[in-house]
Every structure is written in structure tokens, then in C-alpha cells.
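Presented below is the structure to which this report refers.
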Amino acid sequence: MTSNAFFFGKHESLCYFGDSMKLRQLFIFCMLCLAQHSYGQEAYDYLSPVIFQTKTDTIQAEALLLPENEQLFKPASSFGRSTAHDIYWMKFDLDQLNDSLDQYQQWAAYFSSVDKATQYYTEGDKLKARPFGGLNTTDPSVVIERHLIFNRNELIEGRYLLVKYQKLTSTRNMGGFTLRLIPLGRFNSGHSRRDFLRLKNLTLTYVFVGIGGIVLLFALSAFFSQKRREYLFYSFYLVFLLLYFGRRAFAVQVFEFGSSPILGYTMHMELQVLINLSYVLFARYFLYTQQDYPVLDRWIKVVAIGLGSFILVDILLIQIELFGIHFTAMNIQRYIMASYGLLG
């Protein structure tokens with residue numbers, strides 16, 4: 001109801017913004033398809049691990065490598081979907097690469113999605129840890145990447161890659177987990193192609209931000225000239241929307257949070273709720289629900305208070321790293337807002 005009222009009501013000039021969003025989504029979908037095709041041409045070797053699943057975070061890697069604990073590891077196909085409470089110790093046997101393992105000294109291991117992980121490797125006669133992943137706070141200097149660079153001589157027993165893996169912010173099918181491996185030289189040679197695709201997507205982002213910025217200026221000028229609250233809340237809606245979709249163009253997470261991935265992730269998640277909250281408040285004043293639809297107005301107040309409270313609680317959940325509860329609560333919020341929009 002609110003969406004139709006906006007696009008076909010007295011603010012018809014803003015409908016071009018909605019059209020531009022749909023066009024941008026179509027372009028991005030095409031770019032993602034092209035990117036997927038390009039990555040598929042880089043001759044990855046795919047390895048499936050054996051996995052030991054636990055909820056205990058005090059297990060030492062040295063203990064798991066003892067011969068008597070070998071039976072703890074099961075084939076990946078034995079596992080279902082992950083939860084935020086699960087810790088997966090994954091052991092990849094690079095001897096499966098046959099002769100190609102001996103041909104190259106440095107390798108790149110590509111993870112399609114990783115929040116918090118640690119690679120264990122040998123250096124002399126010692127076992128050392130290398131943290132990586134988007135939400136890994138173990139080491140402030142950790143490079144937040146999906147790929148891991150390692151040397152051939154770092155492999156445990158000359159053949160095993162041992163990784164402690166956690167998927168905190170979503171769930172994935174561990175039964176189909178595979179690791180993509182490619183010699184570092186070929187991985188680096190593919191950077192120009194990947195950088196070109198990133199540039200394409202970034203260009204589309206700048207186009208989106210530019211169009212959205214123009215609409216934002218229109219909404220702000222309307223607010224200052226007419227002093228109507230619906231324009232104010234629509235301006236908030238646009239600001240949050242531009243920060244959410246245009247964060248790469250703005251580099252907000254890099255400039256504001258530096259080496260604090262938790263704060264960057266918090267911003268990313270709460271912007272989704274702020275978008276909903278600002279649009280709900282915009283709808284309240286745009287439709288004059290307080291005067292014309294008192295029952296709907298009471299529901300809008302309940303939703304607005306609920307969203308505001310949710311933001312505060314969810315921030316706390318993320319900061320104390322209760323990602324399982326956070327993930328469930330965020331999905332419930334999305335379903336509620338989707339139902340609200342459909343019923344509205």
C-alpha cells in the first residue's frame with residue numbers, strides 16, 4: 001500500500017528513481033553472471049575436506065593431528081547445514097592434486113564465503129596459526145579476504161591444509177563444501193580480469209549513488225521549502241539506502257572502522273533496519289494515518305517502536321558475538337517486514 005501510494009500518488013516525479021533501481025539490479029545481475037563465468041575459466045582444482053564438527057572452542061590443533069584422533073574426521077558429505085554455534089575443523093589432502101602439487105611452490109585457496117577462520121601451518125618443527133575472514137578479530141592486522149595464500153612447504157606432513165572454520169552470519173550446506181585451489185602465479189594473472197569486473201560493478205554503483213543523490217537533493221529541498229515531515233523521513237530513507245548500497249563507493253567501512261570488522265558488519269546489518277524504519281515513518285506522514293487511518297496509525301507506531309528497539313538489541317547481540325541469535329532475529333525481522341508490506 002505504501003509503495004503504490006508513493007509511486008502513483010502526488011509524488012509521481014520520484015518514480016524514475018524506482019525505475020533506475022530496477023535497471024541497476026538488472027545490470028548487476030548480468031555482471032555477476034559474467035563474473036561467475038570468468039572465475040570458472042581460471043582452472044581451479046576443487047578439493048573436498050574431511051571434517052570434525054564441534055561446539056567447543058578450546059580444542060587444540062596439535063591434539064586433532066594425533067593419529068588416534070584421525071577417526072574424528074568424517075567426509076564432508078556427512079554434514080548438513082551449518083549454524084553459528086558450529087566450529088568445523090577441515091582437513092584438505094593436497095596429495096589429491098597429484099603431480100601439480102610439486103610443480104608450484106605458492107598456492108591460493110579461495111573460499112566462497114568465510115566469516116571467521118584460522119589456517120594452521122608448519123614453520124620448521126612448530127605449528128603456527130594464520131587467522132583470516134571478514135569477522136576474525138583475533139589479529140587486528142588480518143587481511144579481510146576470501147582467499148588464503150600459502151607456501152607448499154607450510155603444509156602439515158607435506159600434504160594437509162588444516163583450517164578451523166566458522167560461518168557466523170548465515171548458514172551454508174557443509175555437505176557440499178569445496179575449496180578452490182590455484183597456483184599463485186595463475187591466480188595473480190587473473191587479477192586484471194577480476195579488477196575489470198569490479199570496476200564495472202563500481203561504475204554501476206556510482207551511477208546508482210548519483211541518481212539517488214539527485215533524488216535526495218529533491219526531497220531535502222521539498223522538506224526545507226514545505227516543512228512537511230514525510231519529506232524529512234523520505235530523505236532519511238534515501239540516505240540509509242545510499243549508504244547501504246553505495247558503501248563500496250563511499251568506502252564507509254574502511255574510513256570509519258579501519259580494522260574493526262565487527263563495527264563494519266554492524267553498520268551493514270542495521271542499515272537494513274533503518275531503511276525499513278525510515279520508510280515506515282515516511283508512510284505514516286505521507287498517508288496522514290493519524291487523521292485518516294487511526295487503526296493503521298497505531299500499527300505503524302508499534303512497528304516503528306519495534307524496529308527501533310530491535311536495532312538496539314541487535315547491536316548488543318553482535319558486539320557480544322551472539323551471532324546465532326542475531327541471525328535468527330534478523331530473519332524474523334525480515335519476514336515480519338515482508339508480511340507487513342504485502343498486507344499493507
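A quick note: this is a predicted structure, and the numbers were derived from the prediction, not measured. The chain is numbered in sequence order, starting from 1.
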I'd like to know whether the aromatic ring centres of Trp299 and Tyr293 sit less than 6.0 Å apart in this structure.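 That pair fails the under 6.0 Å test.
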
Would you say the ring centers of Phe286 and Tyr234 fall short of 6.0 Å from each other?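 No; Tyr234 has its ring centre 6.0 Å or more from that of Phe286.
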
Determine whether [X] and [Y] make a side-chain contact, defined as any pair of heavy atoms from C-beta on separated by less than 4.5 Å.
X      : Y      : answer
Met174 : Met90  : yes
Thr54  : Trp89  : yes
Asp93  : Leu47  : no
Gln119 : Leu162 : no
Leu161 : Leu155 : yes

What's the shortest heavy-atom distance between [X] and [Y], and which atoms?
X      : Y      : value
Ser278 : Ile275 : OG-O, 3.1 Å
Thr118 : Ala129 : CG2-CB, 3.6 Å
Ala329 : Phe310 : O-CE1, 3.5 Å

Charged N to carboxylate O under 4.0 angstrom, Asp115 versus Arg172?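 Answer for the salt bridge query: no.
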
Note: Arg228-Glu230 ion pair, threshold 4.0 Å (strictly below):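 Yes, this pair counts.
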
Could you please spell out the steps behind the side chain to side chain contact (heavy atoms under 4.5 Å, CB included) verdict for Gln166 and Asp86? CA-CA 7 Å; Gln166 289 178 269; Asp86 294 325; over 6 Å; no

Would you please test Lys91 and Glu70 for salt bridge (charged side-chain N to carboxylate O under 4.0 Å, His left out) and show each step? CA-CA 10 Å; Lys91 189 161 64 171; Glu70 181 68 28; 2.9 Å; yes

I'd like to know if the side chain of [X] reaches the main chain of [Y], judged simply by a donor and an acceptor atom lying under 3.5 Å from each other, with no hydrogens or angles considered.
X      : Y      : answer
Thr328 : Ile325 : no
Arg159 : Gln96  : no
Thr171 : Ser82  : yes

[atom1]-[atom2] distance between [X] and [Y], expressed to the nearest 0.5 angstrom:
X      : Y      : atom1 : atom2 : result
Met269 : Ile315 : CE    : CD1   : 12.0 Å
Asn151 : Gln105 : CG    : CD    : 5.5 Å
Gln319 : Glu321 : CD    : CD    : 8.5 Å
Leu94  : Trp107 : CG    : CH2   : 7.0 Å
Leu179 : Leu148 : CG    : CG    : 8.5 Å

Side chains of Asp314 and Gln333: any donor to acceptor distance under 3.5 Å?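 On atom types as modelled, these side chains do not qualify, holding no pair under 3.5 Å.
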
Name the orientation class of the two ring planes belonging to His268 and Tyr244 (parallel below 30°, tilted from 30 to 60°, perpendicular beyond 60°).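 Plane angle under 30°, so parallel.
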
Only one of Phe223, Tyr285, Phe282 forms a ring-ring contact (aromatic ring centres under 6.0 Å, His included) with Phe233, so which one is it?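 For Phe233, the ring-ring contact (aromatic ring centres under 6.0 Å, His included) check succeeds only for Tyr285.
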
Would Ser309 and Ile305 count as a side chain to side chain contact (heavy atoms under 4.5 Å, CB included) if you check the C-alpha gap in whole Å, the side-chain angles of each, and the deciding distance to 0.1 Å? CA-CA 6 Å; Ser309 302; Ile305 293 172; 4.2 Å; yes

Checking Arg130 against Phe150: charged group under 6.0 Å from the ring centre and within 45 degrees of the axis?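 Judged by the rule (NZ or CZ under 6.0 Å from the ring centre, within 45° of its axis), Arg130 is not positioned above Phe150.
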
Do Tyr265 and His326 pass the side chain to side chain contact (heavy atoms under 4.5 Å, CB included) test, and can you show the C-alpha distance, the side-chain angles, and the key distance before you say yes or no? CA-CA 12 Å; Tyr265 175 76; His326 150 73; 2.8 Å; yes

